[in-house]
Amino acid sequence: MTMPEQPLTQPNAAVINCRIRALLAAGELTAEGRAEYGRLLVEWDAAVQAEQELAA
């Protein structure tokens, strides 16, 4: 018997947005902070696109 594939859970765009806001609220970003910011933006964009696809 084969098991149905479980969809990968995509982080919620609102949750990622909160993480971005918290990062920016800390003040001027360090090099590590800028890298994290860039990673979060990519993650947020993917989450928004996934939510739009589900809504369509």
Side-chain angles (χ1 to χ4, degrees):
M1 175 164 94
T2 60
M3 299 294 288
E5 287 188 33
Q6 299 247 347
L8 297 175
T9 58
Q10 182 73 24
N12 183 306
V15 171
I16 299 168
N17 188 36
C18 287
R19 290 169 54 197
I20 291 170
R21 288 177 179 268
L23 183 65
L24 294 176
E28 189 173 337
L29 297 177
T30 63
E32 183 178 299
R34 285 190 299 272
E36 175 70 2
Y37 176 74
R39 188 188 65 74
L40 286 170
L41 283 181
V42 170
E43 191 175 330
W44 175 82
D45 184 52
V48 168
Q49 288 181 20
E51 289 174 6
Q52 289 175 346
E53 289 174 7
L54 286 175

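Nothing here was measured: the structure is a model prediction, and the numbers come from that model.
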Notebook entry, point to check: Got a sec, which residues hit side chain to side chain contact (heavy atoms under 4.5 Å, CB included) with Leu41, two or more places apart in sequence or on another chain?
Noted result: Ile20, Tyr37
Note to self: Could you work out, with salt bridge (charged side-chain N to carboxylate O under 4.0 Å, His left out) as the rule, every residue matching Arg39, not counting sequence neighbours?
What the structure shows: Glu36, Glu43
Next item on the list: Check the hydrophobic clustering (I, L, V, M, F, W, Y; side-chain heavy atoms under 4.5 Å; chains of links allowed) and say if Val15 and Leu23 are grouped together.
Entry: no
Check: side chain to side chain donor-acceptor pair (under 3.5 Å): which pairs involve residues 46-56, sequence neighbours left out?
Finding: Asp45-Gln49
Notebook entry, point to check: Could you give the distance from CG (Leu40) to CG (Asn17), rounded to the nearest 0.5 Å?
Noted result: 10.0 Å
